[in-house]
Amino acid sequence: MKSSANSVLVNKDYDVAVVGAGHAGCEAALAAARLGFRTIVFTISIESIALMPCNPNIGGTSKGHLVREIDALGGEMGRVSDRTFIQSKMLNESKGPAVHSLRAQADKAEYSRTMRKVLEGQKNLSIRQAEITEVLAEDGKIRGVRTSSGTIYECGAVILCTGTYLRARCIYGSTSTETGPNGLQSAKELTSSLEKLGIVLQRFKTGTPARVAGDTVDYSKMEEQFGDDRIIPFSFTTDPDEVQKDQVSCWLTYTNEKTHGIIRENLERSPLYAGVIEGTGPRYCPSIEDKVVRFPDKDRHQVFLEPEGLYTNEMYIGGMSSSMPEDVQEAMYHTVPGLEHARIVRNAYAIEYDCIAAGQLKTTLEFKKVKGLFSGGQFNGSSGYEEAAAQGLIAGINAARELAGKEMIRPDRSESYIGVLIDDLVTKENHEPYRMMTSRAEYRLLLRQDNADLRLTGKGYEIGLISSERYEKLKQKERQIRNEIKRLENTYIGASERTQEILQLYGSTPLKNGASLAELIRRPELNYQKIAPLDPERPDLPNDTTEQAEIEIKYEGYITRQKKQVEQFRKLENKRIPEEIDYAGIKSLRTEAAIKLDKYRPHSIGQASRIAGVTPADIAVLLVFMEQYGRMHKDGQNG
């Protein structure tokens with residue numbers, strides 16, 4: 001570190017600078033540091049590391065898949081959640097395994113403290129409380145960052161994980177404060193620096209409900225919501241026996257016509273409907289006033305009361321985010337059964353912030369215009385802690401790989417929800433914060449949360465974030481699954497009286513002849529556990545191993561069909577498009593398609609086919625051109 005003649009402090013101690021220490025920033029910084037690069041993470045407030053400014057939970061429908069995948073690749077979110085949760089529940093268990101999703105209620109303060117401790121103990125990683133006001137680049141390549149005090153940190157890669165803090169504005173009613181979540185300082189100067197680099201920003205909005213004092217709530221008027229009897233951890237490295245503990249309850253209640261009437265009467269005072277809020281909000285997580293307007297036929301909406309932690313009295317009112325004035329908030333919350341006398345601790349508010357249209361990124365999460373500049377999290381136009389962490393992890397991995405001169409990774413849609421998330425962000429024009437959903441994944445029967453380790457831990461090992469010990473355990477699990485499937489397929493039982501009794505117990509058709517145990521498992525009303533009395537030679541295997549064997553057997557036909565679909569998908573994904581292609585010069589390619597392809601610069605034919613405005617006919621033209629281009633290029637090399 002040195003000071004130049006004009007007294008500007010210049011620090012040359014780091015390879016990677018991460019801007020922001022939310023869920024994306026934490027994963028990005030840990031990944032880069034664990035891959036051997038000197039990393040510094042900047043945060044406006046050290047107390048806000050891994051802050052949960054909105055809902056107090058990790059996971060949920062489809063988001064649980066992301067957490068499992070983060071863990072399988074060597075990320076941290078799942079491990080910290082396992083150490084700090086206060087209730088855990090597997091969602092959608094009445095449906096098929098493709099949509100099972102783990103959700104854990106977190107102790108907000110403890111989660112933040114635990115993640116901070118992980119960062120503080122990580123080799124190659126430093127934390128710095130400072131605001132970054134400028135990203136420095138020369139000739140389209142990253143040189144470093146500048147803080148508000150003028151200090152320059154030179155580095156080879158910068159990862160932007162600014163969340164909802166860029167020119168943030170919190171609003172409820174006529175009250176508007178230029179702050180980030182929880183009243184923290186917003187970052188006001190970085191936007192202009194990014195625009196000078198040619199990065200286009202847009203304005204998005206999100207919101208959060210009020211928090212109330214738990215001792216002013218009448219829980220007798222609500223339905224108690226319990227956690228699972230047997231807790232399943234997020235991390236594949238967590239011993240399930242170590243997370244079995246007493247859990248806190250959540251509570252369910254509902255809005256009613258009186259609630260909706262108060263909202264309708266005061267819509268003109270809502271900044272959302274009065275035009276005060278300019279940013280676009282998330283369609284799949286609307287405010288309560290938005291729900292009342294958009295769904296006038298519904299006479300009630302679910303409201304969940306969720307504890308913010310073990311050592312606080314605050315309760316989060318899930319399902320009732322709002323930007324209504326304070327007096328309207330008081331009135332509408334008090335109409336909800338159980339909240340008649342609830343005392344508000346923190347008002348609900350909407351928050352506007354600057355973010356990018358992610359089409360400016362490659363699928364590696366590097367900006368197309370600036371080499372060495374990466375981006376992850378809500379700054380990319382997504383919503384949610386889990387989506388942010390997933391992007392941060394990939395951005396951190398790729399920043400490190402670029403500095404190491406290695407090929408960067410591009411998770412694809414057929415191998416992970418992370419691949420679906422990133423592909424959607426960079427190929428689709430998102431006009432609202434993007435939220436992950438199971439319906440977005442074409443191959444969701446293959447991309448289950450239960451097999452994330454089987455899909456991705458090998459890749460994590462190749463990257464360098466998974467230890468050899470953990471990788472060997474994975475290989476052992478794979479062998480056990482294969483052997484157990486083979487055993488079940490080749491173990492036959494006869495139509496004995498005992499067999500018929502067991503089948504009758506579960507309403508299953510009696511056997512006329514012998515059948516394999518696998519054939520019995522395929523019956524809808526039976527499963528691995530139910531046929532245990534018919535399987536005395538059953539080996540003692542871990543639950544997650546037998547679960548995989550059962551799913552592979554029970555859904556064999558569907559799984560085989562999806563694997564064939566993936567093979568077709570990969571044929572197009574493997575047809576790479578050279579970066580230098582001039583789309584405007586391709587004859588027979590429609591003008592709209594040429595413009596869209598030039599804007600997004602897809603790396604493969606498969607990705608090109610998913611860009612809005614590009615038709616199958618355009619793809620056919622592009623395939624013919626690619627064949628001609630390949631021959632010309634080959635002839636030129638031979639000449």
>> Would you say Tyr434 and Asp424 are linked by a side-chain donor-acceptor pair, where the criterion is simply a distance under 3.5 Å?
In response: yes
> Is Arg455 salt-bridged to Glu69, going by a charged N under 4.0 Å from an acidic O?
Replying inline: yes
> Hey, are Thr438 and His65 close enough side-chain-wise for a donor-acceptor pair under 3.5 Å?
Replying inline: no
> Do Gln449 and Ser101 get their side chains close enough for a donor-acceptor pair, meaning under 3.5 Å?
Replying inline: no
> Any side-chain donor-acceptor pair under 3.5 Å between Asp228 and Ser88?
Replying inline: no
>> Can a side-chain donor-acceptor contact be found between Asp82 and Ser235 if the only test is distance below 3.5 angstrom?
In response: no
>> Please find the pair of heavy atoms, one from Val99 and one from Asn92, that lie closest to each other, and give the distance.
In response: O-ND2, 2.9 Å
> Going by atom types only, do Asp354 and Thr191 share a side-chain donor-acceptor pair under 3.5 Å?
Replying inline: yes
> Do we see a donor-acceptor contact under 3.5 Å between the side chains of Ser382 and Gln391?
Replying inline: yes
> Do Glu289 and Ser322 get their side chains close enough for a donor-acceptor pair, meaning under 3.5 Å?
Replying inline: yes
>> Checking side-chain polar atoms at under 3.5 Å, does Thr259 have a donor or acceptor matched by the opposite partner on Asn256?
In response: yes
> Per the salt bridge (charged side-chain N to carboxylate O under 4.0 Å, His left out) rule, which among Lys89, Lys108, Arg211, Arg103 passes with Glu306?
Replying inline: Arg103
Side-chain donor-acceptor pairs of residues 17-28 under 3.5 Å, sequence neighbours excluded:
| from | atom 1 | to | atom 2 | distance (Å) |
| --- | --- | --- | --- | --- |
| His23 | NE2 | Leu51 | O | 3.0 |
| Glu27 | OE1 | Glu76 | N | 3.0 |
| Glu27 | OE2 | Glu76 | N | 3.1 |
| Glu27 | OE2 | Met77 | N | 2.8 |

